[in-house]
Amino acid sequence: MAEKPQPLHVVYCGVCGLPPEYCEFGPDFEKCKPWLIQNAPDLYPDLLKEAEAKEADKISGQLQSTSISDGSSASKPEEVKRLPGGKVKKKEKQEIIIEKVTRNKRKCITTVKGLELFGVKLSDASKKLGKKFATGASVVKGPTEKEQIDVQGDIAYDIVDFITETWPDVPEAAIYFIEDGKKVPAV
Amino acid sequence: MFKKFTSEEVSGQNQVKASVQRKIRQSVAEEYPGLEPVLDDLLPKKSPLIVAKCPNHLNLVIVNNVPLFFNIRDGPYMPTLRLLHQYPNIMKKFQVDRGAIKFVLSGANIMCPGLTSPGGALDDDVEAESPVAIMAEGKQHALAIGFTKMSAKDIRSINKGIGVDNMHYLNDGLWKMERLD
């Protein structure tokens, strides 16, 4: 048997995740530059010169960004997320949608969508819901690749209170029902 | 192919039977003899091997939540770029000129002139319909994995149109999916 080739360790750019030599073709070369200067200065010799010139700008830019990020640090990373086409991904609206689906004549399922947008772990949530209402509750892959929680039984009205109590982050105004195909606020 | 690819597109993943596991190992070893010595590390016999099924007859071979290989229908298994970067010499290499990098990295197929121009290079042993690593002029690492449409000789003589199909390139969906849970 041949000698075992050792796996090569390749350093990837900390910003865009590409091997540093491809950063210039990456989605956002400008953002990679500071990282490249620190970690792979020999790959792009031009950068160092450029960086020195820009140093002054950067400091003032940093000051600005810190003052901005104080207010909206939570929402910023989501906005930066880009689709492969280069378009900026639309920010998802934070809302919870509760829908009652009739399964049999008198049996139904309550589905809860959008809990994950509030940073709630869906598997934990389904467990809590199941415990509270003494029914089966499960995390299901929804129609449009989103995950949702299915709870057996009609719990549409009690669930609002339960959600706002268990997860204080969730404002009551963000909860909606779907009735006859229309979206109705819960409050 | 992986341009828009997310973990949500995986329609199902199964731990495969030992016989299927053997088959995968065998075909990988056949396709990439250079990988054989480390195959035991990559696809340990003990740890479960998971095959994830995705749309378009695509299969991903996953070990310890890391995608390692993919194949289409019953086609050959191809390594992911992250794996190829670790073992760069396992595949036959084509090299494209600098002008082509931009297009390849946005998912374009590789056209013959980009391979035959001064910046490009061809491995003459490559037949049609076989996986190749796409390198780039002046770069050290592979930037894409392709599937040849014609043999290297034909690419040289015809020098027109698509020479290599782009399967998987840097910063596409599969690249971004470092781990799959």
Side-chain angles (χ1 to χ4, degrees), chain A residues 1-29 31-32 35-36 39-40 42-46 77-78 80-90 92 113 116-117 121-123 139-148, chain B residues 1-12 29 32-42 55 68 79 81-90 96 98-107 134-144 169-178 181:
Chain A
M1 200 188 258
E3 204 177 303
K4 221 177 198 181
Q6 281 303 308
L8 214 68
H9 186 70
V10 182
V11 179
Y12 296 121
C13 168
V15 179
C16 61
L18 297 177
E21 53 185 11
Y22 288 110
C23 275
E24 54 181 322
F25 298 102
D28 219 334
F29 189 35
K31 275 190 195 149
C32 298
W35 188 91
L36 288 171
N39 295 281
D42 41 333
L43 271 173
Y44 300 101
D46 297 349
E78 271 175 318
V80 180
K81 214 175 181 186
R82 273 158 192 274
L83 287 176
K87 289 171 213 144
V88 177
K89 197 175 188 177
K90 247 189 242 164
E92 213 134 7
K113 292 176 199 163
E116 75 276 6
L117 300 176
K121 237 189 171 178
L122 286 188
S123 50
V139 182
V140 183
K141 232 178 195 173
T144 51
E145 93 257 349
K146 277 279 199 50
E147 292 203 318
Q148 60 184 39
Chain B
M1 178 174 69
F2 290 106
K3 189 158 192 168
K4 287 178 191 153
F5 185 77
T6 53
S7 55
E8 282 148 5
E9 252 158 79
V10 177
S11 54
Y32 310 108
L35 209 54
E36 213 170 345
V38 286
L39 208 55
D40 276 334
D41 297 345
L42 288 176
L68 291 181
L81 274 169
R82 281 181 206 276
L83 181 67
L84 182 68
H85 284 166
Q86 283 173 14
Y87 302 100
N89 295 320
I90 56 171
V96 295
R98 208 182 140 79
I101 299 177
K102 184 170 82 184
F103 300 104
V104 174
L105 285 190
S106 51
I134 311 292
M135 320 298 279
E137 181 186 359
K139 307 281 179 192
Q140 186 191 351
H141 300 297
L143 83 162
Y169 55 94
L170 283 180
N171 232 3
D172 67 355
L174 181 60
W175 171 262
K176 283 182 187 145
M177 196 168 68
E178 264 175 84
D181 302 313

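Nothing here was measured: the structure is a model prediction, and the numbers come from that model. FYI, side chains are in, hydrogens and waters are out, and symmetry mates aren't considered; it's all heavy atoms of this structure.
- Contacts of B/Q140 with chain A are made by both backbone and side-chain atoms, with heavy-atom separations under 4.5 Å.
- A/F29 CZ: more than 12 foreign heavy atoms inside a 6.0 Å radius.
- For the set B/L83, B/I90, B/I101, B/L105, the entry with the most heavy-atom pairs within less than 4.5 Å of chain A is B/I101.
- Between the CG atom of A/L18 and the NE2 atom of B/H141 there is a distance of 11.0 Å, given to the nearest 0.5 Å.
- Both tests pass for B/R82 against the ring of A/Y12: distance under 6.0 Å to the centre and angle within 45° of the axis.
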> Could you walk me through whether A/F25 and B/L143 pass the side-chain contact (heavy atoms from CB on, under 4.5 Å) check?
Replying inline: CA-CA 11 Å; A/F25 298 102; B/L143 83 162; over 6 Å; no
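- Ion pairing between B/K102 and A/E24 fails under the 4.0 Å rule for side-chain N and carboxylate O.
- In this structure, the portions of B/L170 lying under 4.5 Å from any heavy atom of chain A include both its backbone and its side chain.
- Checked by atom type and distance alone, the side chain of B/K139 pairs as donor or acceptor with a backbone atom of A/E21 at under 3.5 Å.
- The two atoms that bring B/W175 and A/G17 nearest to each other are CZ2-O, 3.1 Å, heavy atoms only.
- With a 4.5 angstrom heavy-atom cutoff, B/P88 touches chain A only via side-chain atoms.
- Heavy-atom distances place no part of B/V104 under 4.5 Å from chain A, backbone and side chain included.
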